[in-house]
Amino acid sequence: MENRRRVLVTGAGGFIGHHLVKRLKAEGSWVRGVDLKLPEYEDSSADDFEILDLRRWDNCLLATRGGINEVYNLAADMGGIGYITSFHADIARNNILINAHLLEASRQNDIKRFLFSSSACVYAQNKQKDADVVPLREEDAFPADPEPGYGWEKLFAEELCRYYWHDYKFETRIVRFHNVYGPLGTYDGGKEKAPAAISRKVALAQDGEDIEIWGDGKQTRSFMYVDDCVEGLIRIMASDNRDALNLGTDELVTINQLVDLVSEVAAKRLVKCHNLQGPQGVRGRNSDNSRLRQVLDWEPSILLKQGLRQTYPWIEAELRKTGRLTDRKQAVGSMV
């Protein structure tokens, strides 16, 4: 026990955190998971799982106690575009408290390395006005013009990590996520990301029916499968890089193309109905992975269609479990 790496994963009841705990356990680490809630879709494999509100300083001291070596800070108030554009004050306040308290508690409890999960929402909005967007490099976060609320608090927390290295020589790592998706993630309720939301809509629609798409569908994004995300997190934590790094794919697709890919996996033909009043965020966003390849000699490689083949059937099965999808004539998503 004394020789095993001891790791804290915050946000361990959430999508990425849950997958990360499983991976760390498979590699032999002792893992403490912390969140406001338990994982929704399966039990956590953490050695110790504690329900703690990390907005509180005393809980951050408690979470980082006991000889923890590394902290993966994935705890955040966040969600899809509809959520993060509607609750700027709540999101910014909650996340600033979590990040500031957990960073200082980790330093006081002599944590060796601290990884902060940032977001592509830190990037300047004026560089994301074209659907045919130039892939975003890490330096494109400045001059600062991030998304309101969520983007600003992420950018501030990145700077705080840099200050902790400069002032205290406290080892921090900064990861900028680009749209992570996969099984065991939120697919309903307002906090789901685009691949999950579209998979739900496609699953609930009969062949030939209409489905609603926010915006004109020509807005562009790249999407990273959760297994690639977890691999990248572990590699970045182990690296010597203290600067922010993109973690995403550079496979740029329109939302219309995303709908087509999900529909193909589901073996359905559906009619897109565009809600031009629906929130859609920036016009285009893609990840430049040049620095990631340079630092890690690695980058995410799972294609969107491959990841959707795993994600869509899981969401369809969940909808059946909850009784929302009962038509037995609807086939489980094609795996071809």
Side-chain angles (χ1 to χ4, degrees), residues 15-16 18-19 22 39-42 79-82 131 178-230 248-276 278-281 284-286 300-336:
F15 169 48
I16 300 173
H18 178 68
H19 281 273
K22 289 202 292 185
E40 187 171 355
Y41 303 108
E42 67 178 20
I81 188 63
H178 286 251
N179 290 312
V180 187
Y181 72 99
L184 304 177
T186 299
Y187 60 88
D188 205 354
K191 291 192 174 184
E192 68 277 14
K193 298 296 183 70
I198 290 171
S199 292
R200 183 194 74 246
K201 291 179 181 182
V202 169
L204 292 173
Q206 295 280 0
D207 193 33
E209 287 185 345
D210 298 350
I211 62 168
E212 181 189 50
I213 307 301
W214 286 351
D216 62 6
K218 296 178 183 178
Q219 64 270 37
T220 54
R221 295 292 187 275
S222 61
F223 299 97
M224 174 175 52
Y225 190 63
V226 66
D227 288 357
D228 268 341
C229 178
V230 168
T249 74
D250 55 9
E251 182 188 0
L252 189 69
V253 297
T254 66
I255 298 302
N256 283 336
Q257 288 172 329
L258 175 61
V259 174
D260 290 340
L261 285 171
V262 176
S263 298
E264 181 182 343
V265 170
K268 295 180 182 180
R269 293 185 179 181
L270 300 170
V271 179
K272 305 179 193 75
C273 291
H274 295 100
N275 175 5
L276 300 182
Q280 54 185 299
R285 177 180 290 153
N286 197 11
S301 60
I302 298 171
L303 297 175
L304 179 57
K305 188 173 181 178
Q306 293 175 297
L308 290 173
R309 287 172 181 162
Q310 307 303 316
T311 305
Y312 175 81
W314 179 81
I315 290 175
E316 188 184 71
E318 285 297 307
L319 290 168
R320 290 189 184 281
K321 267 197 243 179
T322 60
R324 295 181 61 186
L325 184 60
T326 58
D327 184 356
R328 298 298 175 181
K329 293 182 181 179
Q330 293 193 54
V332 173
S334 169
M335 299 298 286
V336 297

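It should be emphasised that the depicted structure is a prediction, and the values quoted were computed from it without experimental measurement. No hydrogens, no waters, no symmetry mates; every other heavy atom, side chains included, goes into these values.
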> Can you name the closest pair of heavy atoms from Leu252 and Gln257 and give their distance?
Replying inline: O-OE1, 4.4 Å
>> Quick one, Thr249 and Leu304 - any side-chain contact, counting heavy atoms below 4.5 Å?
In response: no
> Is the backbone of Gly190 close enough, under 3.5 Å, to the side chain of Glu192 for a donor and an acceptor to pair up by distance?
Replying inline: yes
> Considering residues at least two apart in sequence or located in another chain, which fulfil the side chain to side chain contact (heavy atoms under 4.5 Å, CB included) criterion with Asp210?
Replying inline: Val271, Cys273
>> Contact between Met224 and Asn179 at the side-chain level, heavy atoms closer than 4.5 Å - yes or no?
In response: no
> With respect to Asn256, which candidate in His274, Lys272, Lys218 satisfies the side-chain hydrogen bond (donor to acceptor under 3.5 Å, both in side chains) definition?
Replying inline: His274
>> When you measure from the side chain of Thr220 to the backbone of Ala131, do you find a donor-acceptor pair of N or O atoms at a distance under 3.5 Å?
In response: yes
>> Between Val259 and Leu270, does the side-chain contact (heavy atoms from CB on, under 4.5 Å) criterion hold? Intermediate values first, please.
In response: CA-CA 9 Å; Val259 174; Leu270 300 170; 5.9 Å; no
> About how many Å separate CG of Asp250 and OG of Ser222, when rounded to the nearest 0.5 Å?
Replying inline: 7.5 Å
> Do you know which two heavy atoms are closest between Thr254 and Gly217, and how far apart they sit?
Replying inline: CB-O, 3.4 Å
> What distance do Arg320 atom CZ and Ile315 atom CD1 have between them, rounded to the nearest 0.5 Å?
Replying inline: 13.5 Å
> Just how far is it from atom OG of Ser199 to atom CG of Asp188, taken to the nearest 0.5 Å?
Replying inline: 12.0 Å
>> For Pro300 versus Gly248, what's the shortest heavy-atom pair and its separation?
In response: CG-O, 3.4 Å
>> Between His178 and Arg221 (side chain of the first, backbone of the second, donor and acceptor by atom type, cut-off under 3.5 Å), is there such a pair?
In response: no
> In Å, rounded to the nearest 0.5 Å, how long is the span from NE2 of His19 to CG of Leu184?
Replying inline: 4.0 Å
> What's the spacing between Glu264 CD and Lys305 NZ if we round to 0.5 Å?
Replying inline: 3.5 Å
>> Run the side-chain contact (heavy atoms from CB on, under 4.5 Å) test on Phe223 and Lys193 for me, step by step, so that the C-alpha distance in whole Å, both residues' side-chain angles and the decisive distance to 0.1 Å come before the verdict.
In response: CA-CA 10 Å; Phe223 299 97; Lys193 298 296 183 70; over 6 Å; no
>> Taking CD in Glu209 as the centre, count heavy atoms belonging to other residues, nucleotides or ligands within less than 6.0 Å. Is the count above 12?
In response: yes
> For Ile302, does its backbone N or O pair with a side-chain atom of Asp228 as donor and acceptor, under 3.5 Å?
Replying inline: yes
> Is a side-chain donor or acceptor of Gln219 paired with a backbone partner of Trp214 at a separation under 3.5 angstrom?
Replying inline: yes
>> Would you compute the distance between atom CG of Asn275 and atom CD of Gln280 and round it to the nearest 0.5 angstrom?
In response: 9.5 Å
> Between Val226 and Thr311, does a side-chain contact (heavy atoms from CB on, under 4.5 Å) hold up when you go through it step by step?
Replying inline: CA-CA 10 Å; Val226 66; Thr311 305; over 6 Å; no
> Are Phe15 and Thr186 close enough, and set up right, to give a side-chain contact (heavy atoms from CB on, under 4.5 Å), and what steps lead you there?
Replying inline: CA-CA 7 Å; Phe15 169 48; Thr186 299; 5.9 Å; no
>> Could you check whether any side-chain heavy atom of Tyr187 comes within less than 4.5 Å of a side-chain heavy atom of Leu319, counting everything from C-beta outward?
In response: yes
> Does Lys268 reach the main-chain N or O of Val202 with its side chain, forming a donor-acceptor pair under 3.5 Å?
Replying inline: yes
>> Looking at every non-hydrogen atom in both residues, tell me the closest pair between Leu308 and Pro313 and how far apart they are.
In response: O-CD, 3.7 Å
> Which pair of heavy atoms, one from Gln306 and one from Ser301, lies closest together, and at what distance?
Replying inline: OE1-O, 4.2 Å
> Which atoms form the tightest heavy-atom contact between Pro183 and Tyr225, and what is the distance?
Replying inline: CD-OH, 3.3 Å
>> Checking Glu42 against His18: is there a side-chain donor and acceptor pair closer than 3.5 Å?
In response: yes
